[in-house]
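Some notes on the structure that comes next.
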Amino acid sequence: MKRVMLVVAYEGTEYMGWQVQPGRVTVEHVLNQALSGLLGEEIRVIGASRTDSGVHSLGNVAVFDTNARMPADKISYALNQRLPEDIVVQQSREVAGDFHPRKCKSTKTYEYRILNRRFPMPTFRRDTYFYYRPLDVAAMQEAASYLVGRHDFKSFCSIHTQARDTVREIYDCQVIADEGAVPEGRLVTIRVQGSGFLYHMVRIIAGTLIQVGLGEVEPARLKDILEARDREAAGPTAPACGLTMMGIAFEEKS
């Protein structure tokens with residue numbers, strides 16, 4: 001028996017999120033089916049992040065146990081032949097038998113992309129949120145700075161969360177404008193790094209920062225929103241299409 005780690009990229013538009021759900025097509029379900037067919041045994045992967053419906057990833061991580069003789073580093077090549085075009089395994093390798101992607105200390109990076117211009121661009125429609133009103137990126141960046149550190153993010157968490165503890169640590173939160181990404185407009189990216197995230201947390205952060213960018217919320221008010229620990233104090237949940245998990249970096253054991 002060996003434990004294999006996969007680094008998985010996917011466009012989440014056609015999927016009801018990562019986690020297996022009865023009667024729904026999810027990324028985890030597709031991986032389980034493809035791996036079981038490839039290796040000739042029932043496989044159930046364990047994912048590091050249970051991304052929501054419509055959310056994308058460039059580097060989610062999953063592990064599974066197998067008795068198959070196929071070398072771990074070759075599984076990615078064979079598996080990609082069985083997967084749809086919108087799910088591609090970037091890497092497969094053997095890891096320690098006790099490695100668990102949700103129990104190891106790690107840094108997760110998410111990006112929320114906003115196409116900020118007068119009209120939509122068709123090539124951005126599936127992985128970027130279109131917003132036509134001009135955004136004040138400097139104000140958004142100032143607001144984002146108040147989120148860095150260890151805080152209770154209850155205001156930035158869906159009321160449907162099952163988490164008992166809403167304290168999380170944000171290592172970095174940047175708002176970056178790429179003026180040359182598109183003609184007559186720009187691509188605004190909210191990049192957040194942290195130890196872990198609550199249900200809808202990054203999308204609520206994005207929705208709140210958009211309000212700041214519109215001048216509807218003063219940047220310094222982010223401190224009050226955090227202290228309120230009330231979902232109604234924060235802004236709306238931004239659409240899933242703009243959110244991509246960029247990757248996960250695990251701390252090495254000393």
Side-chain angles (χ1 to χ4, degrees), residues 12-29 46-57 60 101-103 106-114 127-131 135 140 143-173 175 190-246 248:
T13 307
E14 304 299 330
Y15 300 96
M16 296 300 294
W18 170 273
Q19 191 173 4
V20 167
Q21 301 176 52
R24 302 290 183 93
V25 179
T26 68
V27 178
E28 186 178 34
H29 168 75
I46 301 170
S49 182
R50 299 168 178 172
T51 53
D52 298 334
S53 175
V55 173
H56 320 292
S57 175
N60 203 350
R102 292 203 296 270
K103 295 179 180 179
S106 65
T107 298
K108 296 179 181 179
T109 302
Y110 282 89
E111 287 189 358
Y112 194 91
R113 305 200 324 163
I114 304 163
D127 66 352
T128 307
Y129 174 45
F130 165 69
Y131 202 82
L135 297 172
M140 294 170 71
S145 69
Y146 295 114
L147 300 174
V148 177
R150 187 173 179 83
H151 305 287
D152 188 334
F153 282 94
K154 189 172 183 179
S155 294
F156 294 90
C157 177
S158 168
I159 60 172
H160 301 295
T161 184
Q162 296 179 354
R164 295 181 181 179
D165 181 9
T166 51
V167 174
R168 296 292 186 273
E169 184 171 4
I170 297 298
Y171 303 137
D172 193 30
C173 188
V175 184
I190 301 167
R191 180 177 299 145
V192 189
Q193 289 185 312
S195 58
F197 296 89
L198 299 162
Y199 187 37
H200 287 173
M201 180 172 160
V202 180
R203 290 168 58 191
I204 296 169
I205 287 173
T208 305
L209 291 180
I210 288 171
Q211 287 190 327
V212 172
L214 293 172
E216 297 174 356
V217 175
E218 290 295 321
R221 186 149 177 269
L222 270 287
K223 295 185 290 184
D224 299 327
I225 294 173
L226 281 169
E227 291 172 3
R229 295 188 291 276
D230 181 354
R231 174 65 188 91
E232 293 187 3
T237 305
C241 64
L243 184 60
T244 299
M245 164 183 269
M246 303 304 290
I248 306 172

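- Environment of CZ in Arg24: sparse, with no more than 12 heavy atoms of neighbouring residues, nucleotides or ligands closer than 6.0 Å.
- Under the 3.5 Å distance criterion, the side-chain polar atoms of Thr208 are matched with a main-chain donor or acceptor of Gly235.
- For the pair Ser158 (side chain) and Tyr199 (backbone), a donor-acceptor distance under 3.5 Å is absent.
- The distance from the CG atom of Asp152 to the CD atom of Glu227 is 11.0 Å, given to the nearest 0.5 Å.
- The line from CZ of Arg231 to CD1 of Ile159 is 8.5 Å long, rounded to the nearest 0.5 Å.
- Taking the side chain as every heavy atom from C-beta outward, Ile248 and Asn60 approach each other to under 4.5 Å.
- Neither side chain, Arg50 nor Thr26, offers a donor N or O lying under 3.5 Å from an acceptor on the other.
- Between Gly207 and Ala238 the shortest heavy-atom distance is N-CB, 3.9 Å.
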message: Between Tyr131 and Leu214, does the side chain to side chain contact (heavy atoms under 4.5 Å, CB included) criterion hold? Intermediate values first, please.
response: CA-CA 11 Å; Tyr131 202 82; Leu214 293 172; 3.1 Å; yes

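- Here the CD-OG distance, from Gln19 to Ser49, works out to 10.5 Å after rounding to the nearest 0.5 Å.
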- request: Go through the steps for Tyr110 and Leu243 under the test side chain to side chain contact (heavy atoms under 4.5 Å, CB included), then give the verdict.
  value: CA-CA 7 Å; Tyr110 282 89; Leu243 184 60; 3.8 Å; yes

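- Of all heavy-atom pairs between Ala163 and Arg168, the closest is CB-NH2, 4.3 Å.
- Scanning both residues, His56 and Cys241, for their nearest heavy atoms gives NE2-O, 3.0 Å.
- When all heavy atoms of Arg102 and Ala48 are compared, the closest pair comes out as CG-O, 3.5 Å.
- Atom CZ of Phe130 and atom CZ of Arg113 lie 14.5 Å apart (nearest 0.5 Å).
- With contacts defined as side-chain heavy-atom distances shorter than 4.5 Å, the pair Ile114/Ile190 qualifies.
- Phe197 places none of its side-chain heavy atoms less than 4.5 Å from the side chain of Cys157.
- Taking OG1 from Thr51 and OH from Tyr15, the interatomic distance works out to 11.5 Å, rounded to the nearest 0.5 Å.
- The backbone N or O of Thr244 lies less than 3.5 Å from no partner atom in the side chain of Glu111, so there is not a single donor-acceptor pair.
- In this structure, Leu135 and Val175 have side chains that are not in contact, with every pair of non-hydrogen atoms separated by 4.5 Å or more.
- In terms of heavy atoms, Asp165 sits closest to Leu198 at O-CD2, 3.9 Å.
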message: Does Leu147 form a side chain to side chain contact (heavy atoms under 4.5 Å, CB included) with Val192? I'd like the steps, not just the answer.
response: CA-CA 10 Å; Leu147 300 174; Val192 189; over 6 Å; no

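- Side-chain N or O atoms of Arg150 include none that pairs as donor or acceptor with a backbone N or O of Glu169 at under 3.5 Å.
- Listed for the His29 side chain is no donor-acceptor partner under 3.5 Å among the backbone atoms of Val20.
- The number of heavy-atom neighbours closer than 6.0 Å to CD of Gln21, taken from other residues, nucleotides and ligands shown, is above 12.
- The shortest side-chain heavy-atom distance between Thr109 and Arg191 falls under the 4.5 Å cut-off.
- The line from CG of Leu226 to OH of Tyr146 is 11.5 Å long, rounded to the nearest 0.5 Å.
- Between Ile205 and Tyr112 there is no side-chain heavy-atom pair separated by less than 4.5 Å.
- Using a 4.5 Å heavy-atom threshold, the side chains of His200 and Asp52 count as touching.
- Open room surrounds NZ on Lys154; 12 or fewer heavy atoms of other groups in view lie less than 6.0 Å from it.
- Formation of a donor-acceptor pair under 3.5 Å by the Thr237 side chain with backbone atoms of Ile204 is not found in this model.
- Counting only distance, with no hydrogens or angles, the side chain of Glu28 and the backbone of Gly47 share no donor-acceptor pair below 3.5 Å.
- Taking every heavy atom of both residues into account, Tyr129 and Pro239 meet most closely at CE1-CG, 3.6 Å.
- Classified by interplanar angle (parallel below 30°, tilted 30° to 60°, perpendicular above 60°), the ring pair Phe153/His151 is perpendicular.
- With a 4.5 Å cut-off on side-chain heavy atoms, Met245 and Val55 do not count as touching.
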